[in-house]
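Proteins get letters first, then strands, A, B, ... in listed order; numbering begins at 1 in each.
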Amino acid sequence: MQSICISHVAEHVGEEVELQGWVYNKRSSGSLVFLIVRDGTGFIQGVVAKGEVPDEDFQACDELTQESSLVLRGIIKADKRAPSGYELSVTGVEPLHIAEEYPISLKKHGVDFLMDWRHLWLRTPRQAAILRIRHEIIGAIRTFLDQREFVLVDAPILTPSACEGTTTLFSTDYFDSTAYLSQSGQLYMEAAAMALGKVYCFGPTFRAEKSKTRRHLTEFWMVEPEMAWVDLEGNLKLQEELVSYVVQRVLEQRRDELVTLERDTGKLENIKPPFPRISYDEAVEILNKNGVEFEWGNDFGGGDETVLAEQFGLPVFVHRYPTDIKAFYMKPDPDRPEVCLSADLLAPEGYGEIVGGGQRIDDPELLDLRIREHDLPKEAYVWYTDLRKFGSVPHSGFGLGIERAVAWICGLDHIRETIPFPRLLNRIYP
RNA sequence: UCCCUGGUAGCUCAAUGGCAGAGCAAUCGGCUGUUAACCGAUGGGUUGUAGGUUCGAAUCCUACCCAGGGAGCCA
C-alpha cells in the first residue's frame, strides 16, 4: 500500500492508501468516528465506521486524543461534505503515540498563553500558513537576486564593534575581550561588492533596543544587497522590482495560505513597479497638510509612516532624509549636502518601513570626517575606510527586513507571528 | 527608561464591597454524517504576590511581580 501526503490525495481517488499524521480533532457519533488528521501538508477527515474496520482498530479510536500520532489506512473518496472535497474511508487505524492532554484547544486563546506554547502553536493551520509564506518570500528573494547574478556572501555574526554606532548591541564574552552580535552585515557587504560587484547577505540581525511594539523583534532576519557602480536611483529600481516579484510570487504560489489568513489579496495584486518616490521635504509637507505637527529634521514615527503610506496604494520611497539623522556612511546629495542619498521604503496599510538603504560615501576624506563626527573608534573602521583608498567607486545597497515584509504580505497585526521562535523584550522562551 | 491597560478553574471570560460562576477542555455515559458536533452527568479555585482599609475584599488603597499595547530607536 502506498504511503502518501495529504496534499496529494486528489491523485489517489479510489485507491487504498496509508497516511501518517496527527489527530487535529475527533468527533464521535456512537458507531461512527470522524478523525480530522493533519500531516503537515494538509488536513483530511477520516471516517471510521464500526464493522468496517477490525474491532480493535475501532476501539483504538476511543483512546485517540488531540495531537496523538497515528498511521491511517483507507480509501480516498471525493465527497462534497468534506471541506477539502476529499475524505478517507478508513480501513485501518494504528495509533503510534497517545498525546497527553493538549494545551491548545480549537477555541480562542490569549497571546501570552500561545507564546508560552509556541513550539506547539506552530501546528495550527494559521501558523503553518504563515511559515509557508515566509518560506516562499525567502525563496523568492533568493531566486530574484540569483537571477540577477548577485552572489550570496555571508557576513559575520560576531563583530568587534557597532556597525553604525547608534543602536544598542548585545554583547558577549569573546575570550578575553567583548564581541557584539551583528546588527547589520552591510559594511562587510561593501567590501564584498568591491570584490564581486553585486552581492547580498541573508542572516539574522540583533538589536538590544527595548522596543515593545508590534513591529519589533530583538532577533530578526534581513537581506542586504550591495552593488558597486550603482547610484540611488539604480538602488530604488532594484528594490521595487524585488518587492513586486516577491509579492506576485506569493500570490501565485501561496494563494491557499493567504485565504487561510483571510488576507485581502486585492491590495497585493496592485504591487507592481514603479513605486512612488517622494522626498523627505515632500513627506514633511504631506504630514503637515494632514494635520500632523512635524518639524523638518526629525525622524518619522510609526504613526507618521502610516499617514505617509496611506496616501498611495503602493509602497512608497521616501528619499533624501536629513544627513544628520541617518547613518554615518550615507553619501550627501552633492547639490544639497544637508540631505543624503538615502531612501526608506514604507509598506502600505500601516506596516511601516520594510527597507532602508542608500548610496554610500565613496570619498575617503569625508568618510574619515564622519567617523570622527560620530565619535566612532577609528581603529575599528580602518578596514572599512581602506575600501575608499583602493579603487573607490560609487556604490549603494539596502536592507530588507524579512519579518516586516512577511507581516505586511500576510496582513498580520503583530510581527511576532512571522518568525518561528520570536525573540522579544522579556521573551526568550521557547 | 517612560505612559496606558490588564492579571479570577488547564483555556476564554463573568461576578463593582455581601454564598466563587459559565462555556470549552478533562473524566464517565448516550448517539451511524459530524463540520470549533450535540445531549446528560462528574471532578476542578491560596481571585499574580505582600501589606493595608472594612463587620465583610476578586472588587477599594499602597508597593512589587508578570503580561499586553504605545513612545523613544529602528528593519
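Taking atom CG of Asp116(A) as the reference point, atom P of rG10(B) lies 15 Å away to the nearest angstrom. Put simply, CD on Glu209(A) is 11 Å from C1' on rU1(B), counting in whole angstrom units. Spacing between atom CG of Asn298(A) and atom C1' of rA71(B) amounts to 14 Å, rounded to whole angstrom units. Distance, Arg207(A) CZ to rG72(B) P: 17 Å, rounded to whole Å. As rounded to whole Å, 17 Å separates atom P of rC66(B) from atom CE of Met115(A). For His216(A) and rC73(B), the NE2 to P distance is 10 Å, given to the nearest whole Å. Atom-to-atom, CZ of Phe300(A) to P of rG72(B) comes out at 13 Å; the value is rounded to the nearest Å. rG10(B) atom P lies 18 Å from atom CG of Leu120(A), rounded to whole Å.
Residue-level contact check: Val355(A) touches the backbone only, with heavy atoms under 4.0 Å from sugar-phosphate atoms and none from bases. Counting any heavy atom pair closer than 4.0 Å across all strands shown, Ile104(A) reaches no nucleic acid atom. Asp344(A) comes within 4.0 angstrom of no nucleic acid atom, judged by non-hydrogen atoms across all strands.
Without hydrogens or angle criteria, His374(A) side chain to Leu376(A) main chain gives no donor-acceptor distance under 3.5 Å.
Look at Arg215(A) and you'll find a side-chain N or O under 4.0 angstrom from OP1 or OP2 of rA71(B).
For rU49(B) and rG10(B), the P atoms lie 13 Å apart once the distance is rounded to whole Å. With both ends at atom P, the span from rU12(B) to rG7(B) equals 12 Å, rounded to whole Å. For rU16(B) and rA57(B), the C1' atoms lie 11 Å apart once the distance is rounded to whole Å. Nucleotides rA9(B) and rU42(B) are separated by 15 Å at their C1' atoms, to the nearest Å. The gap from the P atom of rG21(B) to that of rA15(B) amounts to 15 Å, rounded to the nearest Å. As rounded to the nearest Å, rC60(B) and rG68(B) have C1' atoms that lie 25 Å from one another. To the nearest whole angstrom, the two P atoms, one in rU8(B) and one in rG48(B), are 6 Å apart. Rounded to the nearest Å, the gap between the P atom of rC61(B) and that of rG6(B) is 11 Å.
Note on ring orientation: taking the six-membered ring where Trp is involved, the planes of Tyr384(A) and Phe328(A) are perpendicular (angle over 60°, cut-offs 30° and 60°). Tyr321(A) and Tyr280(A) have tilted rings, their planes meeting at an angle from 30° to 60° on a 0 to 90° scale. The aromatic rings of Phe275(A) and Phe317(A) lie tilted to each other, with the angle between the two planes from 30° to 60°.
In summary, the aromatic rings of Phe113(A) and Trp121(A) are positioned with their centroids too far apart to meet the 6.0 Å limit. Tyr200(A) and Phe144(A) have their aromatic ring centers separated by at least 6.0 angstrom.
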Study note, to complete from the structure: Contact string for nucleotides 27-33 of chain B, one letter per nucleotide 5' to 3', B = base within protein heavy-atom range under 4.0 Å, S = sugar-phosphate only, - = neither, reads ----BBB

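RNA chain B is contacted by His414(A), Ile415(A), Arg416(A), Asn426(A) of residues 407-429 of chain A, taking any non-hydrogen atom closer than 4.0 Å. Contacts with RNA chain B (heavy atom under 4.0 Å) in residues 105-113 of chain A: Leu106(A), Lys107(A), Lys108(A), His109(A), Gly110(A), Asp112(A), Phe113(A), listed by number.
Between Arg427(A) and Pro422(A) there is no side-chain heavy-atom pair separated by less than 4.5 Å. Residues Phe220(A) and Ile402(A) are not in side-chain contact: their nearest non-hydrogen atoms beyond the backbone lie 4.5 Å or more apart. Contact annotation: the side chain of Leu261(A) approaches that of Arg126(A) to within less than 4.5 Å [non-hydrogen atoms, C-beta and beyond]. Considering only heavy atoms from C-beta on, Val318(A) stays 4.5 Å or farther from Glu353(A) through its side chain.
Within a 6.0 Å sphere centred on CD of Glu56(A), other residues, nucleotides and ligands contribute 12 heavy atoms or fewer.
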For residues 92-103 of chain A, please give each side-chain donor-acceptor pair under 3.5 Å, one per line with the distance, not counting sequence neighbours.
residue   : atom : partner   : partner atom : Å
Glu94(A)  : OE1  : Arg73(A)  : NH1          : 3.4
Glu94(A)  : OE1  : Arg73(A)  : NH2          : 3.0
Tyr102(A) : OH   : Leu120(A) : O            : 3.3

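Of the candidates Lys331(A), Glu190(A), Gln359(A), His395(A) forms a side chain to side chain donor-acceptor pair (under 3.5 Å) with just one, namely Glu190(A).
Taken from OH in Tyr86(A) to CG in Asp79(A), the straight-line distance is 11.5 Å, to the nearest 0.5 Å. Interatomic distance, CG of Asp57(A) versus CD of Gln59(A), reported as 9.5 Å (0.5 Å rounding).
Annotated stems with RNA chain B as a participant read B:1-7 with B:65-71, B:10-13 with B:21-24, B:26-30 with B:38-42, B:48-52 with B:60-64, given as range with range, by first number; only runs of 3 or more Watson-Crick or G-U pairs under 3.5 Å qualify.
Taking the side-chain hydrogen bond (donor to acceptor under 3.5 Å, both in side chains) definition, one finds that Arg214(A) meets it with nothing, sequence neighbours left out.
When each of Lys26(A) and Pro103(A) is assigned the nucleotide of RNA chain B with its nearest heavy atom, Pro103(A) is the one assigned upstream, toward the 5' end. Taking the nucleotide of RNA chain B with the nearest heavy atom to each of Thr213(A) and Glu353(A), the more 5' of the two is matched to Thr213(A).
The listed nucleotides are rC74(B), rG69(B), rG72(B); the one nearest the side chain of Ser211(A) is rG72(B).
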